[in-house]
Amino acid sequence: MPLSGSAKIQGYEPACIHIPPTRHIPDLVEDVRSGLLSRPRCLPSKYFYDDLGAELFEKICDTEEYYPTRTEEELLLKYSKDIIEETLPDHIIELGSGSSRKTRRLFDACEESTHICGYAPFDVCEPALNQAAAELNAEYNWLEVTPLVGDYHAGLGNLPSPSGTGMVVFLGSTIGNFTPAEAEDFIEEIRGCMRPGDYFLLGADRIKDSGVLHAAYNDSSGVTAEFNLNVLRVLNRELDADFDLDSFSHQAIFNAGLKRIEMYLISKADQQIEFGKINETIFLRSGEKILTELSHKFHYAELEAMLMDKGFDIIRHFEPANRYFSLVLSRLLDKGVTAR
Ligand code: SAH
Ligand code: AVI
C-alpha cells in the first residue's frame with residue numbers, strides 16, 4: 001500500500017518483516033460473516049487501521065478532547081529518563097506502535113543517557129510502520145529500527161527475541177480495546193515472549209468523569225466520527241461492498257457498569273448492503289447498531305492485579321496529578337516466583 005498524506009522520506013526504503021501467525025485467526029471475510037450477518041452486529045476494531053485510518057487516529061490524538069495521547073506523552077516526557085536509567089534495555093519491542101510518536105521520548109532519554117538500544121515496532125498497519133521507521137531512521141541515526149508487521153491476535157510466539165535485556169512497550173491504552181478476559185490472556189502471551197528480568201511498560205487509561213470520557217470519543221471536529229466511518233470504506237474497498245457512509249452516524253457512549261466506551265455505527269435508514277466479493281447481503285433497520293470498538297477504562301488497582309497475577313513485579317507507577325492515565329513499569333520475575 002502506498003504511503004499517503006505526509007511526505008515520504010527520500011532515499012530510505014523501509015522493509016517490514018512479516019511475522020507469521022502462531023494460530024489461525026479469522027480473516028476479514030470470516031469476521032464479516034460472523035460479525036455482520038448475525039446480531040448483535042459487530043466488527044473487530046483492527047479494521048479501522050488502513051493508511052487513512054492510521055492518519056485519522058493521529059488526528060484524533062491532536063483533538064482538544066482526546067486527552068490520553070497528550071497525557072501519556074507528558075508522562076513519558078517527564079519520566080523517560082528514569083525509565084531508561086532503571087531498565088537499560090538492549091532492545092525495545094512495541095506492540096501496536098502506530099506512528100511511534102510517544103516512543104520517541106524514550107529514545108530522547110536514551111540519547112541523554114548515551115544508552116543505545118534496538119527498536120522493533122510491531123503493528124498490523126504496514127503504511128504506518130513504513131512511515132514511522134523512515135522518520136525514526138532520520139531522527140535517531142544510532143537507532144536500529146526493525147519494523148514488524150502482523151496481527152497480535154494471531155500470537156506473539158514468532159516475534160524475534162534478541163539476547164540482552166528486553167523491554168515490551170504497549171502504549172495508548174490499546175489494552176483497553178480487548179475485553180477483560182482477552183486482556184488477561186494477552187498479558188500472559190506477552191509474558192511468554194519475555195525472559196525473566198525483562199521489562200514491560202504499559203500505558204492505560206483510567207476511569208474518570210463520564211463527561212470527560214464522552215467528549216474524548218465525540219470530539220467537536222468530528223474526527224472520531226470519520227475514523228469510525230472509515231471501517232465502512234475498508235469494507236467497500238476490500239469486499240466490494242456498497243456502504244453509503246452518509247447513511248450512518250457515529251455514536252460513542254460510556255457504559256459505566258462495564259467501565260468502557262462503546263463505539264457504534266448507527267444505520268440512519270432501513271437499508272440493504274451488498275458485499276459483491278463474497279456474494280452476501282445484509283439488511284439493516286433504521287437505528288440498528290454495529291459495534292465497532294470497545295475501549296475499557298481501568299482503576300489502577302486492576303492494572304496492578306492484572307500484572308502481578310501474571311508474574312510481573314511493579315517497579316514504578318507514573319500518573320499525572322488528575323490521575324487520568326497510568327504508565328506502569330513492571331519486570332518479569334524469575335520463573336516460579338509469584339509477585340503476591
Ligand atoms: N501505540 C500508539 C497507537 C495506538 S492506535 C499510540 O499509543 O498512539 C492502535 C494501534 O494498534 C494502531 O497503530 C493499530 O494499527 C494497531 N493495531 C490494532 N489492532 C492490531 C492488531 N490486531 N495487531 C497489531 N496491531 C494492531
Ligand atoms: C487505540 N485505542 C486505544 C484508541 C482508544 O481510545 O480506544 C482508539 C480510539 N478510538 C476512538 N478514539 C480513539
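Values in this document were obtained by computation on a predicted structure and should not be read as measured data. Atoms within each ligand, like the ligands themselves, are counted from 1 in listed order.
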In terms of atom number and element, which parts of ligand 2 are under 4.0 angstrom from non-hydrogen atoms of Thr174?
-> 1 (C), 3 (C)

Examine ligand 1 and decide if any of its atoms is less than 4.0 Å from a heavy atom belonging to Thr174.
-> yes

Should Phe227 be listed as contacting ligand 2, given a heavy-atom distance under 4.0 Å as the test?
-> yes

Close side-chain approach of Cys16 and Asn130, heavy atoms under 4.5 Å = yes

Give the numbers and elements of all ligand 2 atoms closer than 4.0 Å to a heavy atom of Ser173.
-> 3 (C)

Flag the pair Arg260 and Glu262 as a salt bridge only when some basic side-chain nitrogen lies within less than 4.0 angstrom of an acidic carboxylate oxygen.
-> yes

Taking only Lys NZ, Arg NE, NH1 and NH2, and the carboxylate oxygens of Asp or Glu, determine whether Lys81 and Asp108 approach each other closer than 4.0 Å.
-> no

Please confirm whether Gly150 comes under 4.0 Å of ligand 1, counting heavy atoms of the residue only.
-> yes

With no hydrogens and no angle check, do the side chains of Asp270 and Ser286 hold a donor and an acceptor under 3.5 Å apart?
-> no

Check whether any N or O atom of Glu293, backbone or side chain, sits under 3.5 Å from an N or O atom of ligand 2, and answer yes or no.
-> yes

At a 4.0 Å cut-off, with the gap strictly under it, does some heavy atom of Gly176 reach an atom of ligand 2?
-> no

Could you check whether the rings of Phe298 and His296 sit parallel, tilted or perpendicular, using 30° and 60° as the cut-offs?
-> tilted

Subset of ligand 1 atoms that lie under 4.0 Å from at least one heavy atom of His153 | 22 (N)

Leu106 and its side chain to side chain contact (heavy atoms under 4.5 Å, CB included) partner, picked from Ser100, Ser80, Cys117 = Ser80

If you measure from each non-hydrogen atom of Phe57 to ligand 1, which part falls under 4.0 Å: side chain, backbone, both or neither?
-> side chain

Phe57 vs Tyr66 aromatic rings, parallel, tilted or perpendicular, using cut-offs 30° and 60°?
-> perpendicular

Taking atom types as modelled, is there a side-chain donor on Tyr67 or Glu65 under 3.5 Å from an acceptor on the other?
-> no

Return the orientation label for the Phe275 and Phe243 ring planes: parallel under 30°, perpendicular over 60°, tilted otherwise.
-> perpendicular

The closest protein heavy-atom partner of atom 4 (C) of ligand 2 is Tyr66 OH, 3.4 Å

Considering only the protein, which heavy-atom contact is closest to atom 25 (N) of ligand 1, and what is its distance?
-> Val124 N, 3.2 Å

Starting from atom 7 (O) of ligand 2, which protein heavy atom do you reach first, and at what distance in Å?
-> Ser295 OG, 2.7 Å

Within a distance under 4.0 Å of any heavy atom of Gly172, pick out the atoms of ligand 1 and give their elements.
-> 7 (O)

Only one of Phe186, Phe178, Tyr47 passes ring pair (Phe, Tyr, Trp, His ring centres under 6.0 Å) with His153, and that residue is Phe178

Nearest non-hydrogen protein atom to atom 13 (O) of ligand 1, with distance, is Asp123 OD2, 2.7 Å

Min N/O separation Tyr49 to ligand 2 under 3.5 Å | no

Any side-chain donor-acceptor pair under 3.5 Å between Ser99 and Glu58?
-> yes

Relative to the heavy atoms of Gly172, which atoms of ligand 2 are at a distance of less than 4.0 Å?
-> 3 (C)

Do Arg191 and Asp198 sit within salt-bridge range, that is, some charged N less than 4.0 Å from a carboxylate O?
-> no

Within 4.0 Å of some non-hydrogen atom of Gly98, the atoms of ligand 1 are 13 (O)

Under a 4.0 Å heavy-atom limit, does Ala128 contact ligand 1 with its side chain, its backbone, both, or neither?
-> neither

Which is closest to atom 19 (N) of ligand 1 in terms of heavy atoms, Tyr152, Tyr47, Tyr49?
-> Tyr152

Considering only protein heavy atoms, which is closest to atom 10 (C) of ligand 1, and at what distance to one decimal place?
-> Gly96 O, 3.6 Å

Report yes or no: do Asn230 and Asp50 form a side-chain donor-acceptor pair below 3.5 Å?
-> yes

For Cys125, the atoms of ligand 1 under 4.0 Å from one of its heavy atoms are 15 (O)

Would Ala54 count as a contact of ligand 1 if the rule is a heavy atom under 4.0 Å away?
-> no

Between Asp82 and Arg316, does at least one N-O distance fall below 4.0 Å, as a salt bridge requires?
-> yes

Tell me, do Thr224 and His250 make a side-chain contact under 4.5 Å, heavy atoms counted?
-> yes

What is the nearest protein non-hydrogen atom to atom 8 (O) of ligand 1, stated with its residue, atom name and distance?
-> Lys102 NZ, 3.3 Å

In this structure, atom 22 (N) of ligand 1 is nearest to the protein heavy atom Asp151 OD1, 2.8 Å

To which of Thr292, Asn177, Leu56 does the heavy atom nearest atom 2 (N) of ligand 2 belong?
-> Asn177

